[in-house]
Student: 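Okay, here's the structure, questions in a sec.
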Amino acid sequence: MIILLLGAPGSGKGTQAKQLVEELKIPQLSTGDMLRSAVKAGTPLGKEAESYMKKGALVPDSLVLGLITERIQKEDCKSGFILDGFPRNRSQADALGAIFTKFGKKLDCVIAMEVAQNELVERLCGRRTCQNCGQGFHVKFQPPKTEGVCDKCSGKLTQRPDDNEKVILDRLKVYQADTSPLLEYYKSKGLVKEIEAGKGSPQDIFKKILAVIK
Ligand code: AMP
């Protein structure tokens, strides 16, 4: 099954993708994670992407299309995968369609995760991630037992450099302008399942997602 999670930054795509990975035994393909790894590793692609990411802008399509094209050909993507954070604009969506045609794949469903804008800012500002195991926390909604320390592995919790208020507002503007039109694009293909993702626990939202994909 190939699932696309569509939603603004902070709408919970990453959290839900991780639960879907467990449930469906298919991998999460997050272009944001791939780009952050490339930045951390200091690869030429990472160096090129970093300046865009710091500003909250989209990195050039050619970079993410290269990453996705390579990734979907891997063995673990044979039974499907979860797209998280890709496509982010119309040209990426068109390119994805062409890539799927080339490799004989088909998008099964688009889960549109809806959260009010003021809620998104609060979610993103308080988000913390374990730099060791990647577990996510939130200073208000899901605080760790000890401040700054991961409950799972005692690793140090860090804040993403682009999770500061100025960059968050820029990322949300980019979402509105470039990514949100994809909702209509995929609706016209009859693929969209809309989920109210602003209320309830991550577990409640996961149940709603399972109900629509099963
Ligand atoms: P995310 O982790 O999905 O919030 O992405 C973090 C940042 O990575 C974004 O603000 C963009 O700079 C970049 N990025 C991630 N995915 C894409 C994409 N599909 N196209 C362009 N830039 C992306």
Side-chain angles (χ1 to χ4, degrees), residues 2-18 20-21 27-72 77 81-100 107 110-113 115 117 119-131 134-138 158-183 185-186 197:
I2 300 181
I3 301 172
L4 194 169
L5 296 179
L6 185 64
S11 59
K13 300 186 298 297
T15 305
Q16 296 302 326
K18 286 185 177 60
L20 286 167
V21 166
Q28 169 193 14
L29 272 49
S30 157
T31 41
D33 285 349
M34 292 177 201
L35 290 166
R36 276 184 290 279
S37 296
V39 170
K40 205 169 164 191
T43 65
L45 184 147
K47 285 189 180 128
E48 194 178 343
E50 192 173 15
S51 58
Y52 296 93
M53 295 171 79
K54 271 189 183 155
K55 289 184 291 197
L58 295 183
V59 309
D61 291 346
S62 57
L63 299 187
V64 281
L65 285 168
L67 288 172
I68 282 287
T69 309
E70 198 183 313
R71 185 67 185 86
I72 66 166
C77 288
F81 44 85
I82 301 147
L83 290 167
D84 161 12
F86 177 89
R88 284 282 236 277
N89 58 28
R90 180 60 195 265
S91 67
Q92 289 181 14
D94 287 338
L96 180 67
I99 293 167
F100 278 1
L107 185 58
V110 175
I111 308 283
M113 300 179 56
V115 179
Q117 165 112 0
E119 174 112 6
L120 293 170
V121 176
E122 192 180 17
R123 283 189 186 190
L124 289 165
C125 284
R127 193 156 75 163
R128 301 290 182 272
T129 312
C130 174
Q131 64 177 23
Q135 175 69 33
F137 293 88
H138 191 282
T158 53
Q159 185 173 27
R160 266 171 55 170
D162 57 351
D163 274 349
N164 69 74
E165 196 158 352
K166 184 189 171 307
V167 180
I168 287 170
L169 293 175
D170 288 341
R171 286 160 64 204
L172 292 174
K173 273 189 207 144
V174 169
Y175 178 78
Q176 278 310 325
D178 296 351
T179 314
S180 69
L182 296 184
L183 186 59
Y185 173 78
Y186 285 116

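Counting starts at 1 for both ligands and their atoms, in listed order. Side chains included, hydrogens not; waters and symmetry mates left out as well; all remaining heavy atoms used.
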Student: Among all the protein's non-hydrogen atoms, which is closest to atom 8 (O) of ligand 1, and how far away is it?
Tutor: Met53 CE, 3.5 Å
Student: Could you tell me whether Leu35 and ligand 1 have an N or O pair separated by under 3.5 Å?
Tutor: no
Student: Would you mind listing which atoms of ligand 1 come within a distance below 4.0 Å of any non-hydrogen atom of Gly85?
Tutor: 16 (N), 17 (C), 18 (C), 19 (N)
Student: Under 4.0 Å between a Lys/Arg side-chain N and an Asp/Glu carboxylate O for Asp178 and Arg88?
Tutor: no
Student: Just to confirm my output: which protein heavy-atom neighbour is closest to atom 22 (N) of ligand 1, and how far is it?
Tutor: Val59 N, 3.1 Å
Student: What atoms of ligand 1 come closer than 4.0 angstrom to any heavy atom of Gln92?
Tutor: 18 (C), 19 (N), 20 (N), 21 (C)
Student: Using every non-hydrogen atom in the two residues, find where Asp162 and Arg171 come nearest and quote the distance to one decimal.
Tutor: O-NH1, 2.7 Å
Student: As a check for students: among Met34, Arg88, Arg171, identify the option with a heavy atom nearest to atom 1 (P) of ligand 1.
Tutor: Arg88
Student: Please report the C-alpha distance between Gln117 and Leu172 in whole Å, then the side-chain angles of each, then the deciding distance to 0.1 Å, and finally whether the side-chain contact (heavy atoms from CB on, under 4.5 Å) criterion is met.
Tutor: CA-CA 8 Å; Gln117 165 112 0; Leu172 292 174; 3.7 Å; yes
Student: Distance alone, cut at 3.5 Å: any donor-acceptor contact between the side chains of Tyr185 and Asp94?
Tutor: yes
Student: For Leu83 and Leu96, what are the C-alpha separation, side-chain angles and deciding distance, and is it a side-chain contact (heavy atoms from CB on, under 4.5 Å)?
Tutor: CA-CA 11 Å; Leu83 290 167; Leu96 180 67; 3.8 Å; yes
Student: What donor-acceptor contacts under 3.5 angstrom involve side-chain atoms of residues 38-63, with partners at least two apart or in another chain?
Tutor:
| residue | atom | partner | partner atom | Å |
| --- | --- | --- | --- | --- |
| Thr43 | OG1 | Ala38 | O | 3.4 |
| Thr43 | OG1 | Gly46 | N | 3.0 |
| Lys47 | NZ | Gly42 | O | 3.3 |
| Asp61 | OD1 | Asn89 | ND2 | 3.1 |
| Asp61 | OD1 | Gln92 | NE2 | 3.0 |
| Asp61 | OD2 | Ser91 | OG | 2.5 |

Student: Could you check which of Lys55, Arg160, Lys13, Glu50 puts a non-hydrogen atom nearest to atom 4 (O) of ligand 1?
Tutor: Arg160
Student: Would you compute the distance between atom CZ of Phe86 and atom OG of Ser30 and round it to the nearest 0.5 angstrom?
Tutor: 12.0 Å
Student: Should you measure from each heavy atom of Arg36, which atoms of ligand 1 turn up under 4.0 Å away?
Tutor: 2 (O), 6 (C)
Student: Based purely on interatomic distance, does Thr31 place a nitrogen or oxygen under 3.5 Å from a nitrogen or oxygen of ligand 1?
Tutor: yes
Student: Under 3.5 Å, N or O to N or O, is Ala57 touching ligand 1 that way?
Tutor: yes
